[in-house]
There are 2 protein chains.
Amino acid sequence: MNRKTREKFEARARIIKSMGHPTRLFIVDELSRGERCVCELTDMIGADVSTVSKHLTVLRHSGIVQDEKRGSQVFYSLTVPCVLNFFDCVESVLKARIKKQMGMI
Amino acid sequence: MNRKTREKFEARARIIKSMGHPTRLFIVDELSRGERCVCELTDMIGADVSTVSKHLTVLRHSGIVQDEKRGSQVFYSLTVPCVLNFFDCVESVLKARIKKQMGMI
DNA sequence: TGCCTATTTGGCTAAATTGCCAATTGATCT
DNA sequence: AGATCAATTGGCAATTTAGCCAAATAGGCA
């Protein structure tokens, strides 16, 4: 794998990786239903605000979410709706895995 | 976030996370063109066989790939084709990011 | 101005990840 | 059986990640 190819996959892996954490995946799922402020997300998640804020920073840096400051609050939303396709596919993987475990394949 | 919800997102995040590494993403991309043995993948990637083997174990455990032993070789293939949708979406995220950087949004 | 709320940043520790080498296992071939 | 190739596993050091607390920053309001 040459340098250019490696860089290409590194850039793409970083985006996927940013969703590869339960809390961040929860955030993406929640934002798929509309924008949310940090305080709302923090309440739902039940972790320290600073922790949630850092997770949001990861998602923002990867380009999956964007933020908008309004008053004293910061609202986050998805930049691209297609990330929801991920969920459907993940379900397929889970289903296939269960089928295999049951010896149906 | 209650226990059940957390577990749900943990299971899904584990699948996504397994693709969140340049080498493993490369493997998924390569397998989208057909099954490959460990030795072929190792040649392409240019890392130690043991490293590649461990990456394949991660992907296998998450259910994204399956293995089949034939003779002295082990062939890997995708279990579910939809993982390719990930690539399209990742491209969209990258494009949106570039647009934003250029001040077009 | 001073207080309160919302959010981010710094710092620190614990845990997880990665990649290499060495050793092991398993199949093939002579 | 012995040699060889393919792949996995164990072990270890270096790096990265996660989450909490404390501190800093910023807006809104009395």
Side-chain angles (χ1 to χ4, degrees), chain A residues 1-3 5-7 9-28 30-31 35-62 64-77, chain B residues 1-3 5-7 9-28 30-31 35-62 64-77:
Chain A
M1 191 157 34
N2 61 41
R3 190 182 57 82
T5 306
R6 186 160 26 80
E7 283 172 4
F9 281 97
E10 277 168 1
R12 282 148 186 76
R14 215 169 298 130
I15 293 174
I16 294 177
K17 187 178 183 179
S18 75
M19 285 196 284
H21 184 283
T23 300
R24 295 197 291 267
L25 197 59
F26 174 87
I27 291 172
V28 171
E30 188 55 33
L31 295 185
E35 63 169 25
R36 300 281 187 272
C37 69
V38 180
C39 51
E40 286 174 310
L41 293 169
T42 301
D43 282 350
M44 289 185 260
I45 293 165
D48 196 273
V49 203
S50 67
T51 301
V52 174
S53 176
K54 278 175 184 172
H55 280 307
L56 286 165
T57 300
V58 172
L59 288 170
R60 182 157 34 81
H61 281 152
S62 79
I64 287 177
V65 306
Q66 55 197 166
D67 62 333
E68 190 189 329
K69 195 161 194 168
R70 288 209 296 276
S72 63
Q73 291 178 309
V74 179
F75 289 87
Y76 280 85
S77 57
Chain B
M1 193 158 31
N2 61 42
R3 189 182 58 81
T5 306
R6 187 161 26 79
E7 283 172 3
F9 281 97
E10 278 169 1
R12 281 149 187 76
R14 214 169 299 131
I15 293 173
I16 294 178
K17 187 178 185 180
S18 74
M19 284 195 284
H21 184 283
T23 300
R24 294 197 292 265
L25 197 59
F26 174 87
I27 290 172
V28 171
E30 187 56 32
L31 295 186
E35 62 168 25
R36 300 281 186 272
C37 69
V38 179
C39 51
E40 286 174 309
L41 293 169
T42 301
D43 282 349
M44 290 185 259
I45 292 165
D48 197 274
V49 204
S50 66
T51 302
V52 175
S53 176
K54 278 176 184 173
H55 281 306
L56 286 165
T57 301
V58 173
L59 288 170
R60 183 158 33 81
H61 280 152
S62 78
I64 287 177
V65 306
Q66 55 197 166
D67 62 333
E68 190 189 329
K69 194 160 195 170
R70 288 208 295 276
S72 64
Q73 292 176 310
V74 178
F75 290 87
Y76 280 84
S77 57

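Chain letters run A, B, ... following the sequence lines, proteins first and then strands; every chain starts at 1.
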Whole-Å gap separating [atom2] ([N]) and [atom1] ([X]):
X        : N       : atom1 : atom2 : value
Leu56(B) : dT8(D)  : CG    : C1'   : 11 Å
Arg14(B) : dT17(C) : CZ    : P     : 10 Å
Phe75(B) : dT8(D)  : CZ    : P     : 12 Å
Leu25(B) : dT18(C) : CG    : P     : 13 Å
Glu40(B) : dA7(D)  : CD    : C1'   : 14 Å
Tyr76(A) : dT8(C)  : OH    : C1'   : 9 Å
Leu59(A) : dT7(C)  : CG    : C1'   : 16 Å
Ile45(A) : dC20(D) : CD1   : P     : 11 Å

Most 5' of Thr51(B) and Arg70(A) on DNA chain D, judged by nearest nucleotide: Thr51(B)
Go nucleotide by nucleotide along DNA chain D from the 5' end; which of Ser72(A) and Val52(B) gets its closest nucleotide reached first? Val52(B)
Distance below 4.0 Å between [X] side-chain N/O and [N] OP1 or OP2:
X        : N       : value
Ser53(B) : dA7(D)  : no
His55(A) : dT17(D) : no
His21(A) : dG19(D) : yes

Which nucleotide in the set [options] lies at the smallest distance from any side-chain heavy atom of [X]?
X        : options                   : value
Lys17(B) : dT17(C), dG26(C), dC20(C) : dT17(C)
Val49(B) : dT8(C), dA7(D), dG28(D)   : dA7(D)
Thr57(B) : dT9(D), dT7(C), dC21(D)   : dT9(D)
Lys54(B) : dG19(D), dT9(D), dT18(C)  : dT9(D)
Ser50(A) : dC20(D), dC20(C), dA6(D)  : dC20(D)
Arg24(B) : dG28(D), dT7(C), dT18(C)  : dT18(C)

Please work out which of the three classes, parallel, tilted or perpendicular, describes the rings of Phe26(A) and Phe9(B), given edges at 30° and 60°. perpendicular
Taking N and O atoms by type only, does the side chain of Lys69(A) place a donor or acceptor under 3.5 Å from a partner on the base of dG28(D)? no
Are any of the side-chain heavy atoms of Ser77(A) and Glu68(A) separated by less than 4.5 Å? no
Leu25(A) side chain near Ile16(B) side chain, heavy-atom distance below 4.5 Å: yes
Would the number of heavy atoms belonging to other residues, nucleotides or ligands and lying under 6.0 Å from CZ of Arg70(A) be above 12? yes
Please find the pair of heavy atoms, one from Ala13(B) and one from His21(A), that lie closest to each other, and give the distance. CB-C, 3.6 Å
